[in-house]
**Student:** 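Mind looking over this structure? Questions follow.
Since we're looking at a predicted model, the values are computed, not measured.
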Number of protein chains: 2
Amino acid sequence: MNNSHLCPKFEKAMNIVSKRWTGLVIYQLLSSPQRFCTIQSSIGISGRLLSDRLNHLENEGIVKREVYPETPIRIEYSLTEKGLALKPLMKELEIWSQTWVELEDKK
Amino acid sequence: MNNSHLCPKFEKAMNIVSKRWTGLVIYQLLSSPQRFCTIQSSIGISGRLLSDRLNHLENEGIVKREVYPETPIRIEYSLTEKGLALKPLMKELEIWSQTWVELEDKK
DNA sequence: TCTATTAATTACTTTTCGTAAGTAAGTTTA
DNA sequence: TAAACTTACTTACGAAAAGTAATTAATAGA
């Protein structure tokens with residue numbers, strides 16, 4: 001049972017950005033529009049999941065997919081205005097991570 | 001294969017806060033220290049997962065667990081300084097959610 | 001024709017989640 | 001004093017999601 005007293009908009013926002021990989025995909029697209037395989041190798045996500053996440057983000061109006069019928073074909077993903085509006089959030093996470101996150105020693 | 005070129009601290013931070021429920025638990029504790037069952041009913045998480053998430057957050061130094069041997073016994077969870085430092089991030093998510101998130105009509 | 005590239009999709013295994021029930025320690029009720 | 005209740009967990013198990021790898025479709029070049 002969910003007795004939530006949270007703001008539903010906030011709750012939905014949290015569900016969007018806290019889905020695994022989604023945050024990193026958005027972060028990656030903040031630097032510039034880019035294609036599927038670039039995102040994939042930058043953040044180390046599998047094609048299967050990247051495909052899934054991009055679809056979700058497109059449905060949420062956060063990411064926009066554009067096909068350039070060049071040769072070879074180029075499909076570029078970029079952030080919409082809604083997606084770009086997440087920049088301050090990402091900035092805060094960067095600040096927090098630099099201040100507080102400690103990396104474990106690798107064995 | 002993970003060819004990540006991301007800052008490892010940022011990546012770790014993202015992994016922490018984007019784990020399901022974790023963000024909402026932190027958000028809930030920002031309003032005040034509180035006990036297990038209060039968090040549980042506020043955000044609608046099961047006991048199993050809340051227990052798991054609180055353990056992880058305690059290990060990360062974000063949440064602190066304090067036992068008050070009163071009668072009845074009271075166990076209170078609160079944010080450490082590291083946890084409190086996430087407040088600006090949560091604030092940004094609140095702002096974004098109010099500006100951009102649309103709720104679907106319930107059927 | 002064979003190979004290469006990009007953007008997906010499919011098949012299969014492993015991990016995580018969600019639900020519900022159980023436990024331990026103590027408290028209140030009858 | 002026994003039964004029921006509360007809190008904070010833990011365990012068991014089926015369902016859902018993630019991870020890995022192979023495959024596909026479209027196009028181009030050697």
**Student:** Glu102(B): which residues meet the side-chain contact (heavy atoms from CB on, under 4.5 Å) condition with it, sequence neighbours left out?
**Tutor:** none

**Student:** Please state how far atom CD in Gln40(A) lies from atom C1' in dA21(D), giving the value in whole angstrom units.
**Tutor:** 12 Å

**Student:** List in chain and number order the residues that pass side chain to side chain donor-acceptor pair (under 3.5 Å) with Lys12(A), two or more places apart in sequence or in another chain; answer none if no residue qualifies.
**Tutor:** Glu104(B)

**Student:** With a 4.0 Å cutoff (strictly under), does any side-chain N or O of Trp21(B) reach OP1 or OP2 of dG18(C)?
**Tutor:** yes

**Student:** Tell me, please, which residues at least two apart from Leu84(A) pass side-chain contact (heavy atoms from CB on, under 4.5 Å).
**Tutor:** Leu30(A), Leu79(A)

**Student:** Would you be so kind as to tabulate the donor-acceptor pairs closer than 3.5 Å made by side chains of residues 43-52 of chain B, with sequence neighbours excluded?
**Tutor:**
unit_1: Ser46(B); atom_1: OG; unit_2: Leu49(B); atom_2: N; d: 3.3
unit_1: Asp52(B); atom_1: OD2; unit_2: His56(B); atom_2: ND1; d: 3.3

**Student:** Specify the separation, in whole Å, of atom OH of Tyr68(B) and atom P of dT7(D).
**Tutor:** 18 Å

**Student:** What integer distance in Å separates Ile45(A):CD1 from dT6(C):C1'?
**Tutor:** 17 Å

**Student:** Can a donor-acceptor pair be found, under 3.5 Å and without considering hydrogens, that links the side chain of Trp96(B) to the backbone of Gly83(A)?
**Tutor:** no

**Student:** Could you tell me the separation between the CG atom of Asn15(B) and the C1' atom of dA18(D), rounded to a whole number of Å?
**Tutor:** 13 Å

**Student:** Nearest to the side chain of Cys37(B) - dA18(D), dA8(D), dT6(C)?
**Tutor:** dA8(D)

**Student:** Can you list every pair that meets side chain to side chain donor-acceptor pair (under 3.5 Å) and has a residue in residues 23-33 of chain A, with sequence neighbours left out?
**Tutor:** Tyr27(A)-Glu94(A), Gln28(A)-Gln34(A), Gln28(A)-Ser42(A)

**Student:** Which residue pairs satisfy the salt bridge (charged side-chain N to carboxylate O under 4.0 Å, His left out) criterion with at least one member in residues 13-40 of chain A, sequence neighbours excluded?
**Tutor:** none

**Student:** Does Cys37(A) offer a backbone N or O that forms a donor-acceptor pair with the side chain of Ser41(A) under 3.5 Å?
**Tutor:** yes

**Student:** Go through residues 51-65 of chain B and report each residue with a non-hydrogen atom lying under 4.0 Å from DNA chain D, sorted by number.
**Tutor:** Ser51(B), Arg65(B)

**Student:** Sequence neighbours left out, what passes side-chain contact (heavy atoms from CB on, under 4.5 Å) with Glu81(A)? Give chain and number order.
**Tutor:** Trp100(B)

**Student:** Atom CZ of Phe36(B) to atom C1' of dA24(C): distance rounded to whole Å?
**Tutor:** 14 Å

**Student:** Mind checking what makes side-chain contact (heavy atoms from CB on, under 4.5 Å) contact with Lys9(A), not counting sequence neighbours?
**Tutor:** Cys7(A), Ser97(B), Gln98(B), Val101(B), Leu103(B)

**Student:** Polar atom pairs between nucleotides 22-25 of chain D and protein, under 3.5 Å, N or O only, would you list them?
**Tutor:**
none

**Student:** Excluding sequence neighbours, so at least two apart, what forms side chain to side chain donor-acceptor pair (under 3.5 Å) with Arg74(A)?
**Tutor:** Glu70(A), Glu76(A)

**Student:** What nitrogen or oxygen pairs link the protein and nucleotides 13-15 of chain D at under 3.5 Å?
**Tutor:**
none

